[in-house]
Amino acid sequence: TNSTESIPIRLNKELAPCRQVLDDLESHDEAWPFLLAVNTKQFPTYRKVIRNPMDLQTIGKRLSQNEYKSRDEFVSDVRLIFDNCETFNEDNSPVGKAGHTLRLFFETRWADLTSGK
Ligand SMILES: CO[C@H](O)CCc1ccc(O)cc1
């Protein structure tokens, strides 16, 4: 099992805000387009346009498998979700609006969790 005992204290402390903000994102009302990977078999256009797909479930797997060596790597994957969303969706579409709302929620929550630490 991936017990936290085996992770250096520093790394474990580093990544605690990542788990917290991921939980907050997953439970947000506007997270619905981002919970799971876009079905690229159902939407072949998406696969052609978006070269680096990302979603909250994938981030959760990477976090649980200790694939993030720094907070910055985690933040980059979260921001990739919102950047992909802006690339593929009109700003005033339902998915586009959800992306803008969730990005603002993330940046605000992340700043609260990590400021002065
Ligand atoms: C996170 O959702 C994606 O940005 C857009 C998903 C989508 C795919 C095909 C469509 O026709 C509409 C939306």
Side-chain angles (χ1 to χ4, degrees):
T1 62
N2 262 327
S3 75
T4 57
E5 286 74 47
S6 62
I7 308 164
I9 296 286
R10 182 191 55 75
L11 186 62
N12 208 4
K13 277 267 171 295
E14 274 275 297
L15 297 181
C18 302
R19 173 51 62 196
Q20 180 60 59
V21 79
L22 186 61
D23 290 350
D24 296 338
L25 287 168
E26 286 171 339
S27 52
H28 195 287
D29 284 351
E30 294 291 274
W32 53 272
F34 317 108
L35 295 171
L36 303 174
V38 172
N39 185 328
T40 53
K41 291 186 183 53
Q42 195 181 347
F43 302 115
T45 320
Y46 190 85
R47 184 183 181 80
K48 187 82 189 123
V49 172
I50 300 300
R51 293 309 169 98
N52 299 297
M54 188 49 60
D55 65 279
L56 296 171
Q57 183 182 60
T58 299
I59 291 175
K61 286 179 188 163
R62 290 186 177 182
L63 197 55
S64 300
Q65 293 167 186
N66 291 311
E67 292 180 30
Y68 295 118
K69 297 312 163 203
S70 72
R71 288 181 181 175
D72 285 351
E73 288 180 8
F74 167 84
V75 171
S76 293
D77 269 357
V78 175
R79 287 174 177 158
L80 178 57
I81 293 175
F82 305 128
D83 293 343
N84 288 343
C85 185
E86 286 204 48
T87 300
F88 197 78
N89 304 276
E90 298 287 336
D91 287 338
N92 64 2
S93 66
V95 173
K97 282 186 280 191
H100 287 298
T101 300
L102 206 66
R103 182 200 290 274
L104 178 60
F105 174 79
F106 168 72
E107 296 298 346
T108 306
R109 186 77 181 111
W110 184 249
D112 289 347
L113 286 168
T114 58
S115 62
K117 283 192 184 144

Review point. Taking the side chain as C-beta and beyond, is there a heavy-atom pair between F82 and V78 under 4.5 Å?
Key: yes

Exercise for review: Taking all heavy atoms of A98 and all of P33, pick out the closest pair and write down the distance.
Suggested key: CB-CG, 3.9 Å

**Study point:** Qualifying residues under side-chain hydrogen bond (donor to acceptor under 3.5 Å, both in side chains), relative to E67, sequence neighbours excluded
**Key:** Q65

Exercise for review: Treat each ILVMFWY residue as a node, draw an edge where side-chain heavy atoms are under 4.5 Å apart, and state whether F106 and L104 are in one component.
Suggested key: no

Point to revise | Donor-acceptor under 3.5 Å (S27 side chain, D23 main chain) | key: yes

Review point. If you measure from NZ on K97 to SG on C85, what distance do you get to the nearest 0.5 Å?
Key: 12.0 Å

Review point. Same cluster or not: are I81 and L113 linked, directly or through other Ile, Leu, Val, Met, Phe, Trp or Tyr residues, by side-chain heavy atoms under 4.5 angstrom apart?
Key: yes

Review point. Excluding sequence neighbours, so at least two apart, what forms side-chain hydrogen bond (donor to acceptor under 3.5 Å, both in side chains) with Q57?
Key: none

Exercise for review: Heavy atoms only: give me the nearest E73-Y68 pair and the separation to one decimal.
Suggested key: OE1-CA, 3.5 Å

Please output the side-chain donor-acceptor pairs of residues 40-52 that fall under 3.5 Å, not counting sequence neighbours, one pair per line with the distance.
residue: R51; atom: NE; partner: K48; partner atom: O; Å: 2.8
residue: R51; atom: NH2; partner: K48; partner atom: O; Å: 3.4

Exercise for review: Give the cluster check for L35 versus L80: same hydrophobic cluster or not, with ILVMFWY residues linked at side-chain heavy-atom distances below 4.5 Å.
Suggested key: yes

Review point. Residues two or more places apart in sequence or in another chain: which of them pass salt bridge (charged side-chain N to carboxylate O under 4.0 Å, His left out) with D55?
Key: none

Practice item. Report yes if the side chains of V38 and F88 come closer than 4.5 Å at any heavy-atom pair, otherwise no. Key: no

**Study point:** side-chain hydrogen bond (donor to acceptor under 3.5 Å, both in side chains) against D83, all qualifying residues, sequence neighbours excluded
**Key:** R103

Point to revise | Note, W32 side chain near V95 side chain (heavy atom, < 4.5 Å) | key: yes

Check your understanding: Would you say R62 and M54 make side-chain contact, with heavy atoms under 4.5 Å?
Key -> yes

Study note, to complete from the structure: When every non-hydrogen atom of G60 is compared with those of L22, the smallest separation belongs to CA-CD2, 3.5 Å

Exercise for review: Scan T114, V75, D112 and name whichever one has a side-chain contact (heavy atoms from CB on, under 4.5 Å) with P17.
Suggested key: T114

Check your understanding: So how far is it from N84 CG to R79 CZ, rounded to the nearest 0.5 Å?
Key -> 14.5 Å

Point to revise | Non-neighbouring partners of C18 that pass side chain to side chain contact (heavy atoms under 4.5 Å, CB included), sequence neighbours left out | key: L15, L63, R71, F74, W110

Check your understanding: Is D29 atom CG crowded by more than 12 heavy atoms from other residues, nucleotides or ligands, each under 6.0 Å away?
Key -> no

